[in-house]
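Positions are given from 1 along the sequence. Note that these values count all heavy atoms, side chains included, but never hydrogens, waters or copies made by symmetry.
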Amino acid sequence: DDLLDTWAGDDVPTEGHQVLREVRQQRHYNRLAAYALPHLADLVDRSEKLVTGPIIIRTTTYMGRKHPSEPKVVLNVDLNSKELGLDDDSIHYMKLLAGQRYDPVKNMIRISCERFTESAQNREWVFDKFRKLYSEAKEGKDKFTDIPVDVRHAKHRLEVRNKKVSLASFPEEWKQ
């Protein structure tokens, strides 16, 4: 009863409290970035080099916020790398098996997945597909070396990317 007696309608509504909480949280992270992050640089071990390899995983996170593209996982495999342990015929066979996932400009295979709601499930699916692709390319009996790699999909992508739009490409009746 005492609370109702002292309340004079001077408090903000629930939505206002949510906005204030978000502002407080943002200020907390700003303080961490300003004061705590510079001290973390002293703890970095500079003796270890960044490990790079032929396989790169890309995921996107929005730091706790829900976003439709957050579960998507992309696996890129650099076929120029000797760390794959494949000979030239096996790499050719892998390109044939990858199909449109092979990019001849960058000489990479790109496998992406956003079928599942969790990125861990999508990552497992992508790795599973790459494991199957790799094992078939490495252990397959016939490497299909007589069949050329189809790169028509990449030619079309390059044409679309490099296409310049000018007034000459529009019909005459559209011009004023």
Side-chain angles (χ1 to χ4, degrees), residues 22 25-26 28-30 32-33 36-166 169:
E22 289 176 5
Q25 186 178 22
Q26 182 63 42
H28 170 71
Y29 288 125
N30 289 346
L32 283 177
L37 288 181
H39 297 295
L40 292 177
D42 299 335
L43 302 175
V44 174
D45 184 13
R46 305 261 186 235
S47 63
E48 292 183 25
K49 298 289 183 190
L50 180 64
V51 178
T52 59
I55 299 175
I56 299 168
I57 295 289
R58 185 180 60 82
T59 59
T60 306
T61 180
Y62 291 88
M63 304 305 283
R65 302 231 178 205
K66 287 291 184 189
H67 194 274
S69 67
E70 193 169 17
K72 184 174 182 178
V73 175
V74 179
L75 178 134
N76 290 314
V77 182
D78 184 10
L79 297 178
N80 293 325
S81 176
K82 299 297 179 194
E83 295 177 39
L84 284 175
L86 297 175
D87 59 351
D88 291 340
D89 292 341
S90 297
I91 288 177
H92 175 78
Y93 187 38
M94 185 180 270
K95 291 175 186 177
L96 289 174
L97 292 174
Q100 291 186 356
R101 293 180 171 148
Y102 171 64
D103 183 3
V105 176
K106 298 178 183 176
N107 199 24
M108 295 184 87
I109 293 176
R110 179 179 184 266
I111 303 171
S112 65
C113 178
E114 52 185 327
R115 295 176 182 213
F116 306 104
T117 57
E118 297 296 324
S119 63
Q121 293 172 309
N122 290 325
R123 188 180 308 114
E124 187 61 35
W125 185 90
V126 164
F127 271 118
D128 184 49
K129 293 301 172 195
F130 176 69
R131 273 188 230 109
K132 288 179 182 177
L133 181 69
Y134 183 82
S135 65
E136 179 63 29
K138 189 169 188 166
E139 299 164 5
K141 302 291 184 229
D142 188 7
K143 302 293 182 180
F144 298 97
T145 54
D146 54 332
I147 298 176
V149 177
D150 185 13
V151 294
R152 289 177 293 179
H153 61 280
K155 288 179 183 176
H156 177 70
R157 270 192 239 142
L158 283 173
E159 289 171 2
V160 169
R161 190 180 306 155
N162 296 333
K163 188 175 183 179
K164 303 269 191 275
V165 177
S166 66
S169 63

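- Here the side chain of N122 pairs a donor or acceptor atom with the backbone of F116 at under 3.5 angstrom.
- Note on residues 134-149: pairs passing side-chain hydrogen bond (donor to acceptor under 3.5 Å, both in side chains), not counting sequence neighbours, are S90-K143, Y93-E136.
- Here K129 pairs with nothing under the salt bridge (Lys or Arg N to Asp or Glu O under 4.0 Å) rule; sequence neighbours left out.
- Taking V149 as the reference, H92, K95, L96, Y102, V151 meet the side chain to side chain contact (heavy atoms under 4.5 Å, CB included) condition, with sequence neighbours excluded.
- D150 is linked by a side chain to side chain donor-acceptor pair (under 3.5 Å) to R152, counting only residues two or more places apart in sequence or in another chain.
- Of all non-hydrogen atoms in A98 and L133, the two that sit nearest each other are N-CD1, 4.1 Å.
- A pairwise comparison of heavy atoms in C113 and V126 identifies CB-CG2, 3.6 Å as the closest pair.
- The shortest heavy-atom contact between D78 and L84 is O-CD1, 3.7 Å.
- For residues 65-76, no pair satisfies salt bridge (Lys or Arg N to Asp or Glu O under 4.0 Å), with sequence neighbours left out.
- Applying the ring-ring contact (aromatic ring centres under 6.0 Å, His included) test to every pair with at least one member in residues 60-91, sequence neighbours left out, gives these pairs: Y62-H67.
- For N30, the side chain to side chain donor-acceptor pair (under 3.5 Å) partners two or more places apart in sequence, or in a different chain, are Q26.
- Shown here for V73 and S119, the closest heavy-atom pair between the two residues is CG2-O, 3.4 Å.
- Scanning for side chain to side chain contact (heavy atoms under 4.5 Å, CB included) contacts around Y29 gives Q25, L32, with sequence neighbours left out.
- Listed by first then second residue, pairs satisfying salt bridge (Lys or Arg N to Asp or Glu O under 4.0 Å) with a partner in residues 107-118 number zero, not counting sequence neighbours.
- A137 approaches L97 most closely through the heavy-atom pair N-CD1, 4.4 Å.
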